[in-house]
Every structure is written in C-alpha cells, then in structure tokens.
Asker: 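This structure is in structure tokens; I'll ask about it shortly.
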There are 2 protein chains.
Amino acid sequence: MKLSNGVEWALHCCVSLSQSSAPVPAARLAQLHGIPPAYLAKHLQALSRAGIVRSTPGPVGGYAFTRPPEQISALEVVQAIDGAQAAFRCTEIRRNGPLAVSPEACVKKCAIARAMAAADTAWRAALSTITVADLGRSIDADSSGTALHDVRHWLSGPG
Amino acid sequence: MKLSNGVEWALHCCVSLSQSSAPVPAARLAQLHGIPPAYLAKHLQALSRAGIVRSTPGPVGGYAFTRPPEQISALEVVQAIDGAQAAFRCTEIRRNGPLAVSPEACVKKCAIARAMAAADTAWRAALSTITVADLGRSIDADSSGTALHDVRHWLSGPG
DNA sequence: GGGGCGCTACTCGGATACTGTATGTCCGAGTCGCAGCGG
DNA sequence: CCGCTGCGACTCGGACATACAGTATCCGAGTAGCGCCCC
C-alpha cells in the first residue's frame with residue numbers, strides 16, 4: 001500500500017494557498033515547493049474537480065479556495081487526489097472454491113471486509129478532524145510564527 | 001492508494017488455517033479459495049518470513065500457525081503482506097524551493113506528516129484489536145455456525 | 001521377519017516474465033490585460 | 001482626452017510517453033514417507 005506522492009504536494013499547496021486571497025498559478029506553487037510544475041498541475045486539476053479550489057484562466061488567473069481553509073479537511077484533499085474508495089477491496093473469494101457461500105448469504109459483507117472497512121473508517125475519521133487551517137497553524141508554530149508570513153509575502157511578491 | 005490483493009487472501013487463509021492443527025499445503029488453501037496457487041504461495045512465504053506461520057517441507061508438509069489464532073492480530077497479517085511502512089511517506093518538500101526550511105529546523109516531522117502519521121496509527125490500531133480468532137468467530141456467526149465446521153471437515157478430507 | 005537403503009513424490013523457496021497504475025511531460029483551447037487606434 | 005478593438009501572453013485542461021510496483025508463473029532444492037532388498 002502506497003499513497004500517491006501528489007497527496008503530500010496537494011496538502012502543502014493547500015496550506016500555501018490559504019495564505020493568498022488572490023489566485024495562484026500552478027507554476028508558482030510548483031516553484032515554491034520545488035516540484036515538477038506539469039505534474040503538480042495534474043493534481044491541482046483533481047482538487048478543482050473535487051470542488052476544493054476554483055481555477056481561473058488568463059494572465060492573472062490561477063487556483064484559489066472555494067471556501068475558507070477552516071472548512072476544508074485533510075480528508076477532502078486526500079480523497080480528491082487519491083480517490084474516495086477504500087484501500088481494501090473485497091473480491092468475494094468466499095464465493096469461490098468447493099465451500100462457496102451461496103449468493104443469497106452474501107447480502108452482508110464478509111467479516112474480513114467489515115474489519116478492514118472499520119480500519120479504513122478510523123483512518124478517514126482521523127483525517128476529517130484536521131483542517132487545512134489547522135495544518136497551517138501547526139506549521140507556523142513549528143517555525144516560531146514565521147513560516148506563514150514568509151509564504152504570504154513570497155506569494156504577493158513578483159512573479 | 002490500493003491494498004495488495006494478497007492481503008485478502010492471506011486473511012482468509014489464516015482463518016482457514018486456524019481450523020486445522022496439521023500443516024496445510026499452499027495448493028490446498030488455493031483450491032479451497034479458488035485462487036492461483038503459485039501466487040498465493042508467494043504471499044504465504046511472506047507470512048512465513050514474518051513468523052506468523054511455519055512451513056514444513058515434504059509429503060505431509062504445508063503451513064501451520066506458530067501461535068494460537070487468538071494471538072495473531074489482523075494487523076500482523078496485513079503488515080506481513082503489505083509491509084510495515086506507513087502509506088504516506090514524507091519527501092520533505094519543505095526543504096525545497098525559495099523558502100526552504102533549514103535542516104536544523106527539520107528535526108521534528110512537519111505538521112502534514114504528523115497528521116498523516118496520526119491517521120495511519122488510527123488505522124493500525126483498529127486492525128490490531130482484531131485477531132484471526134475474532135474473524136473466524138464472525139464468519140461463523142454469519143453462516144449460523146456452519147462455516148468453520150465445513151472448513152475443518154474439508155481440510156481433514158482427502159487431498 | 002527385521003533393519004537398512006534407495007527411490008519417489010510431495011513440499012517450499014526464490015528467480016523469472018507480464019500487466020496495470022503512478023509518474024512525468026507535452027501541446028491545444030480559452031481568457032484576460034494591455035497597447036494602439038479612431039473618434 | 002476617452003472608448004473601442006485587436007493582439008499578445010498567460011492560464012488551465014486533457015491527451016500522450018515512461019518507470020515502477022503488483023500480478024502471475026515456473027522450475028530447482030530439500031525433505032519425509034514408502035517400498036524394496038539384504039541379512
């Protein structure tokens with residue numbers, strides 16, 4: 001099991017975006033984080049499709065939030081990039097082999113799928129309690145309150 | 001993010017193994033679940049390397065538990081197949097770009113990595129509370145108490 | 001008849017191809033700002 | 001001097017290659033049981 005690399009990029013970009021009221025181009029976000037611009041654009045498109053950010057074309061365009069960062073959970077960002085489906089997918093092997101379970105008895109998910117689903121729910125619940133604004137505050141605290149200011153200043157500077 | 005298919009196979013095989021005191025060959029487990037024998041063998045090797053099962057070569061050989069199923073958690077099985085490392089891996093992009101964080105300030109994991117690690121811990125905690133014996137009991141309850149008996153009987157039957 | 005030995009069949013284990021997803025890149029469609037021109 | 005128009009540059013968006021991990025398979029090494037032969 002491996003989480004797409006774009007998840008990390010998207011979360012960092014969301015924190016950066018929360019520091020700018022004006023739209024920020026994908027290339028500028030990529031430059032800020034030192035990552036491939038074209039590939040980051042692909043992931044930002046996913047955020048756009050998920051309704052987390054809104055894209056604006058044209059010279060002063062870019063990406064901006066559709067809502068305040070307090071209303072955007074880390075779970076939303078992760079699901080936008082990685083998909084909402086659970087990591088574990090039951091292929092119903094209980095219906096195979098000499099002791100196959102009858103289809104009528106399979107209306108209920110099998111115990112193994114239930115256990116994995118419960119773990120998945122716990123994972124998503126943990127992510128849903130954290131907002132982009134929380135992440136920004138934590139990062140700011142780690143840097144003694146300079147990180148967010150620097151980002152804000154850099155984003156407002158010359159392109 | 002996608003969990004290997006072998007996780008499902010391994011969990012089902014563990015429940016089946018818990019019903020046999022004698023070693024069970026990989027081919028027989030594959031037949032019971034209707035899955036590719038050669039590929040299942042690969043995953044059983046992983047369980048063996050993790051110390052969950054013990055392999056015995058020879059005509060009456062096969063795989064058997066090293067401990068009672070009450071002492072084997074679903075987390076152990078999942079980690080044996082999928083690896084113990086977390087799904088999210090921080091690539092430290094905060095150290096890139098024009099606002100790179102100094103290496104001395106990176107002794108602490110960044111807030112985003114901490115958030116993802118917390119979610120991962122919740123996921124693993126949920127899995128660690130469930131044992132192979134629990135899974136067997138749940139499956140048995142779903143089938144009104146016939147499933148485990150059938151497996152036990154089938155495994156003791158002719159090969 | 002009993003013990004030793006060789007053979008056979010069965011098991012696991014790792015090395016070897018193949019497929020699908022994640023990664024990375026590119027170019028085209030659309031849009032806004034700005035400069036130039038006319039009134 | 002003001003408004004309109006055309007151009008240009010910049011933006012996103014999806015379509016196109018590549019690398020790696022999961023999937024699937026095979027054959028060789030090792031072991032235990034069984035039958036046979038010898039004593």
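To find a chain, count down the sequence lines: A is the first, B the second, and so on, and within it residues start at 1. Since this is a predicted model, take the numbers as computed values, not measurements.
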Asker: Quick one: closest heavy-atom pair of B/Val53 and B/Thr66, and the distance?
Answerer: C-CG2, 3.6 Å

Asker: Looking at A/Asp142 and B/Arg114, does any basic side-chain N land under 4.0 Å from a carboxylate oxygen?
Answerer: yes

Asker: Quick one: label A/Ala26 by what it contacts on the DNA or RNA (base, sugar-phosphate, nothing), any heavy atom closer than 4.0 Å.
Answerer: sugar-phosphate

Asker: Can you build the contact string for nucleotides 23-29 of chain D? Use B for base contact, S for sugar-phosphate-only contact, and - for no protein heavy atom under 4.0 Å.
Answerer: BBBB---

Asker: Ignoring hydrogens and geometry, is there a side-chain-to-backbone donor-acceptor pair from B/Gln71 to B/Pro68 under 3.5 Å?
Answerer: no

Asker: Enumerate the residues from residues 50-58 of chain B whose closest heavy atom to DNA chain D is under 4.0 Å, giving them by residue number; use none for an empty result.
Answerer: B/Pro57, B/Gly58

Asker: Report the nucleotide, chosen from D/dG13, C/dA9, C/dG33, that has the shortest atom-to-atom distance to any side-chain atom of B/Pro59.
Answerer: C/dA9

Asker: With respect to the phosphate group of C/dT11, does any side-chain polar atom (N or O) of B/Arg28 fall under 4.0 Å of OP1 or OP2?
Answerer: no

Asker: What's the CG-P distance between A/Leu17 and D/dC12, to the nearest Å?
Answerer: 11 Å

Asker: Could you state the CG-C1' distance from A/Asp82 to C/dA22, rounded to the nearest angstrom?
Answerer: 10 Å

Asker: Expressed in angstrom and rounded to an integer, what is the separation of B/Arg89 atom CZ from D/dA21 atom P?
Answerer: 9 Å

Asker: Between D/dG14 and A/Gln45, is there an OP1 or OP2 to side-chain N/O distance shorter than 4.0 Å?
Answerer: yes

Asker: Let's go through B/Arg124 and B/Asp120 carefully: what are the C-alpha distance in whole Å and the side-chain angles of both, what is the deciding distance for side-chain contact (heavy atoms from CB on, under 4.5 Å) to 0.1 Å, and is it a yes or a no?
Answerer: CA-CA 6 Å; B/Arg124 291 185 145 76; B/Asp120 200 87; 2.2 Å; yes

Asker: Is the terminal nitrogen or CZ of A/Arg28 (NZ for Lys, CZ for Arg) located under 6.0 angstrom from the six-membered ring centre of A/Trp154 and within 45° of that ring's axis?
Answerer: yes

Asker: Is the number of heavy atoms from other residues, nucleotides or ligands under 6.0 Å of A/Arg89 CZ greater than 12?
Answerer: yes

Asker: Is a donor on one side and an acceptor on the other found under 3.5 Å between the side chain of B/Glu8 and the backbone of A/Phe88?
Answerer: no

Asker: What is the distance from CE of B/Met1 to P of D/dA21, rounded to the nearest Å?
Answerer: 18 Å

Asker: Using 30° and 60° as the class limits, which term best fits the ring planes of A/His153 and A/His149: parallel, tilted or perpendicular?
Answerer: parallel

Asker: Are any of the side-chain heavy atoms of B/His43 and B/Cys13 separated by less than 4.5 Å?
Answerer: no

